[in-house]
Amino acid sequence: MKVEQLTQFTDLGLVETLLRALREEGYTTPTPIQAQSIPPLLQGRDLLGIAQTGTGKTAAFALPIIQRLLANPRRAEPGYVRALVLAPTRELAAQIADSFRAYGRFARINVACVVGGVSLGPQRQALARGLDVLVATPGRLLDHMGTGTVRLDRTEVVVLDEADHMLDLGFVVPIRKIVAKLPKERQNLFFSATMPKEIAGLAGDMLRNPVQVSVTPVATTAERIKQEVFHVESTRKRDLLVELLRRPEVKRTIVFTRTKRGADKVAQHLAASNISAAAIHGNKSQNQRERALESFRSGGSPVLVATDIAARGIDVDGVTHVVNFELPDVAESYVHRIGRTARAGADGAAFTLCDGEERHLLRAIEKLTRQSIPAQDRRQPGAPSLSEAPRGAAPGGRGGKPQGRPGASKPAHAGPRPGQAKGPGAAPGGGQRREGQFARNGASRPRPAREAGGFSR
Ligand code: AMP
C-alpha cells in the first residue's frame, strides 16, 4: 500500500455515503492519521494508533467503522452492539458519538452514548433496541452488562480511545473485564497518546498483528506551542492570572488547576475581578458541565477553569491560551493540557505559573518534552536566586532559549513508536506533505514541517 500518494478522501476507498458527509463537514483532505489508518482499517486490520486529540483520530476510526457496518447491513439484534467505542470521559464519549452521527448522517446508523452521571432509563431503552454504535465509558458500561441490559458477544469491532488516560483513571481492570466478554473474532482499534508499560501490555493482549500508526509524538506537540513560565509565589498567582487574562491577545483560555477546589476558587477570584469564567470538574453534575462547556464554546465565558480529568478530550476550537495555574503532578499531563490550544494548525500559547514547590515538576516537564521553556521571574524583590531553577529558566527575562535536543534523554513514555510511516503523516521533517494538504475548504496555510500530526484549517 502506497500511503504516500493517498492524499484525498476519495483515494482512501471510502464510499460515497461517507464522502458526502465529509463534504458537508467541510473536510477536504485527510489528516495524516486518517490517511494512514483508513485504508488498512477498511481491510479489516487491527490498528495501534499513537495519537492524541486534535489529530483527527475520531474520523480515522469512525469512517471505516461506519463503512464496515454498511458493507454488512444487518440490524443489530435487541440488546446487542455491533461496534463498541470505549472512552475515558463523558465529554469525550459525547463528542465521539456526535462524530459518528455527523459522519454517518446518510448511513442510517443508530448511535448511543452511555456514560455515568446521567439516568439509566433512557440508556437501558437504547441498549435494549440494539445499536450499531455504542460509545461508552467503562464504569457505566459494566453496570449495564451486570444487569444484562447489553451483551457484547456479537460485537464486530471495538475501539479503545485515549488508553493512557484510561490508565490514569484506573480503568484498566474494567476494560479487561469488558474485553473478556467480546467475541474472539473481532477488529480491534487502540489509540493512545503515550505508551506506558501497562498500556503497551493491554495493547499487546488485545491486538492481533496490528498496523501501527504514529502521529504527533508527545514532545513535538509541546514544541509547536509558544510556551512561557512565570516564577511566582503561590500567594501571588491569582493576581498574575488576572493580569495575563487581561492581555488583549488572550481571547479564549483554559486555566488548569490541580484540584476541584482549586478550580472553584480560581473561578470565584476571576468573577470578583470581573472576568467571566466557567468551571468544569468531576464534582459538577453532567448538566453543569455541559452548561459550562457550552458557555465557553459559544464565547459567553472566555475562560474555562478545569482540572485535568474534566478537560481531557474537550474539543473547543479557537483556544488561544492555556494557563497552568498549578503544574500537573504527572509531566505528561502538561502536554495534554497545552494541546488544548493550537489545535487544527491554529496558533496558541501556554503560560505556566510555577511556585518554589513546583520547580521539580517543571524540571520533569522539560525533561519529558526535551526542551527548556523560556521563563520570567515575577517573584517579589529579594526572593532567593533561581539558581536551583530548572535548566534553561532565565530569571528576570524571556531568555531561556530552547536548547535543542542534543544528548536529550529519551522521554519516560517512550514505548513503541513504530509505524512512523512516511507519507502524509510523516514525522517532522519528512518532507512529503504538500502545503495546505490538510485544509478545510478554503482557508489553508502552509505549515511548518514540525506540525506533524495536525492540519491547518
Ligand atoms: P479529533 O482529533 O478527532 O478530536 O479531531 C479534531 C478536530 O478536527 C475536530 O474538530 C474534527 O471535526 C476536525 N477534523 C477531523 N478531521 C478533519 C479533516 N480531515 N479536515 C478538517 N478538520 C478535521
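Because the structure is predicted, anything quoted here is derived from the model rather than measured. All ligand and atom numbering here is 1-based and tracks the order in the structure.
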message: Between Arg101 and Asp98, does any NZ, NE, NH1 or NH2 come within less than 4.0 Å of an OD or OE carboxylate oxygen?
response: yes
- request: With heavy atoms only and a cut-off of under 4.0 Å, state how Phe191 meets ligand 1: side chain, backbone, both or neither.
  value: neither
statement: Which of Leu48, Leu47, Leu41 passes side chain to side chain contact (heavy atoms under 4.5 Å, CB included) with Val213? It is Leu47
Under 4.0 Å to a heavy atom of Thr58 - the qualifying atoms of ligand 1, by number: 1 (P), 3 (O), 4 (O)
message: Does ligand 1 come near enough to Tyr27 that some N or O of the ligand is less than 3.5 Å from an N or O of the residue?
response: yes
- prompt: Could Arg247 and Phe351 be counted as a cation-pi pair, given that NZ or CZ must be under 6.0 Å from the ring centre and within 45° of the axis?
  reply: yes
message: Quick one, Phe171 and His165 - any side-chain contact, counting heavy atoms below 4.5 Å?
response: no
- request: Determine, stepwise, if the pair Met206 / Val158 fulfils side-chain contact (heavy atoms from CB on, under 4.5 Å).
  value: CA-CA 10 Å; Met206 276 181 74; Val158 62; 4.2 Å; yes
- request: Number the atoms of ligand 1 from 1 as they appear, then name those within less than 4.0 Å of a heavy atom of Thr29, with their elements.
  value: 18 (C), 19 (N), 20 (N)
Atom indices of ligand 1 within 4.0 angstrom of Gly56 heavy atoms, with elements: 1 (P), 2 (O), 3 (O), 5 (O), 15 (C)
task: Have a look at ligand 1 and work out which part of Gln95, if any, has a heavy atom under 4.0 Å from it: side chain, backbone, both or neither.
output: neither
- request: Could you tell me whether Glu290 and Arg90 have a side-chain N and a carboxylate O separated by less than 4.0 Å?
  value: no
message: With heavy-atom distances below 4.0 Å as the criterion, list the atoms of ligand 1 near Phe9.
response: 19 (N)
